[in-house]
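Residues: numbered from 1 along the sequence shown. In listed order, ligands and their atoms are each counted from 1.
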Amino acid sequence: MPAASPTPIRHYLQFKDFSAEEYAYLFARTELIKSRFKRYEKYVPLVDRTLAMIFEKASTRTRVSFEAGMYQMGGSVVHLTTGDSQLGRSEPIEDTARVISRMVDLVMIRTYEQTKIARFAGHSRVPVINGLTNEYHPCQILADIYTYIEHRGSITGKVVAWVGDGNNMANTWLQAAEVLGFTVHLSTPGGYEVDPVVAGISRTDCVKTFADPLEACRGADLVTTDVWTSMGYEAENEVRRKAFADWCVDAEMMAAAKPDALFMHCLPAHRGEEVEAEVIDGPQSVVWDEAENRMHVQKALMEYLLLGRLG
Ligand code: CP
Ligand code: NVA
């Protein structure tokens with residue numbers, strides 16, 4: 001029988017589900033959990049806890065980081081995909097949520113529409129974490145901001161340049177800007193703009209839009225991008241390839257940013273499309289730290305959702 005969660009149940013479905021103060025707590029816990037891991041110190045607060053991971057889209061980082069993280073904390077993991085579960089045979093998501101959440105302590109879902117994960121959470125007895133939807137990717141931005149803090153200190157007041165699609169990553173950066181108080185310089189090709197309603201943002205002072213991606217990068221503290229075609233949009237591949245041709249982060253864009261600007265990419269990356277190899281493999285890139293930090297921040301997140309505040 002799963003142990004009781006702190007009540008009321010907290011879910012992590014989008015970045016704005018947590019406050020700035022909660023993020024400060026999570027980042028402090030991440031630092032502690034990561035430093036213990038680096039010292040090979042055993043830390044097993046989640047013994048006997050089980051995480052169910054449901055993947056309706058492909059993944060490398062999200063699967064490995066959640067699975068390794070949960071085992072390192074003493075828990076165990078159940079991995080489900082659409083194809084090997086009754087989800088692929090039209091069992092309603094609400095019924096799936098009712099059943100799974102009677103058997104496990106925590107659920108991570110990667111799926112298509114945000115409404116689907118919201119419906120699951122609405123019928124779950126245990127916390128639900130968004131491992132990526134068409135609209136948001138909060139665990140990734142959690143890792144990205146932690147990585148920024150590790151390298152440069154607080155992100156508050158800084159400028160993040162987003163070059164590319166107005167997608168789940170862009171939406172989540174915008175939510176983070178509102179919660180944590182920084183500015184996003186947003187440059188997307190025409191027709192691929194962020195929809196503020198979908199992004200779930202209410203303020204205009206945290207975002208500036210630029211037609212020219214080079215101008216978006218000017219003076220930025222962090223330059224970031226993502227694939228031209230996200231999972232689920234593959235049919236648009238050829239059209240997007242043409243539309244996004246000028247939205248490739250190159251050395252000129254990095255030179256327009258601050259001299260100590262960082263480059264991030266959630267990965268997987270396509271060198272020669274959204275980013276030139278000399279940038280992603282260059283000295284300003286922190287993409288490998290960013291990927292590793294998925295595991296450390298998510299360990300802090302799972303600990304928080306299951307055990308509440310510690311220390
Ligand atoms: N960045 C990220 O979520 O990677 P995966 O798709 O490999 O999980
Ligand atoms: N925007 C990308 C992110 C992949 C981690 C996608 O949704 O496919």
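If you number the atoms of ligand 1 from 1 as listed, the ones under 4.0 Å from a heavy atom of Cys266 come out as 1 (N). Counting the atoms of ligand 2 from 1 in the order shown, those under 4.0 Å from a heavy atom of Asn167 are 1 (N). Using a 4.0 Å cut-off to heavy atoms of Arg294, the atoms of ligand 1 that qualify are 1 (N), 2 (C), 3 (O). Those atoms of ligand 1 with a heavy atom of Gln140 less than 4.0 angstrom away are 1 (N), 2 (C), 3 (O). Within ligand 1, the atoms closer than 4.0 Å to a non-hydrogen atom of Thr60 are 5 (P), 7 (O), 8 (O), numbered from 1 in the order shown.
Considering backbone and side-chain N/O atoms, Asn168 comes within less than 3.5 Å of an N/O atom of ligand 2. For Leu132, no nitrogen or oxygen atom sits less than 3.5 Å from a nitrogen or oxygen atom of ligand 1, counting backbone and side chain alike. Geometrically, ligand 2 and Asp226 share a nitrogen or oxygen pair separated by less than 3.5 Å.
No part of Asp165 comes within 4.0 Å of ligand 2, judged by heavy-atom distances. Heavy atoms of Leu267 found under 4.0 angstrom from ligand 1 belong exclusively to the backbone.
Ligand 2 has at least one atom lying under 4.0 Å from a heavy atom of Leu267.
Between Tyr136 and Phe15, the ring centre distance reaches or exceeds 6.0 Å.
Using a 3.5 Å distance cut-off with no hydrogens or angles, the side chains of Asp289 and Thr147 do not pair a donor with an acceptor. Inspection of the Gln14 and Gln175 side chains reveals an N or O donor paired with an N or O acceptor under 3.5 Å. Looking at Asn167 and Glu135, their side chains never bring a donor and an acceptor atom within 3.5 Å of each other. Thr81 and Asp84 are linked by a side-chain donor-acceptor pair at a separation below 3.5 angstrom, with hydrogens and angles left out of the test. Side-chain N/O atoms of Glu150 and Asn293 include a donor and acceptor closer than 3.5 Å.
Protein heavy atom in closest approach to atom 8 (O) of ligand 2: Met231 N, 2.8 Å. Scanning the protein for heavy atoms near atom 4 (C) of ligand 2, the closest one is Leu132 CD1, 3.9 Å. Among protein heavy atoms, the minimum distance from atom 6 (O) of ligand 1 is reached at Arg110 NH1, 2.8 Å.
Between the choices Gly232, Ser230, Ala269, the shortest heavy-atom distance to atom 2 (C) of ligand 2 belongs to Ser230. The heavy atom nearest to atom 3 (O) of ligand 1, out of those in Arg61, His137, Arg63, Met169, is found in His137.
Both Tyr146 and Phe66 are part of a single hydrophobic cluster, where members link through side-chain heavy atoms under 4.5 Å apart.
When the salt bridge (Lys or Arg N to Asp or Glu O under 4.0 Å) test is applied to Lys116, the partners found at least two apart in sequence or on another chain are Glu56.
Checked against Thr62 for a side-chain hydrogen bond (donor to acceptor under 3.5 Å, both in side chains), the options Gln140, Arg110, Gln298 give a single hit: Arg110.
A salt bridge is defined here as a Lys NZ or Arg NE, NH1 or NH2 lying under 4.0 Å from an Asp or Glu carboxylate O, and Glu113 with Arg119 fails to meet this definition.
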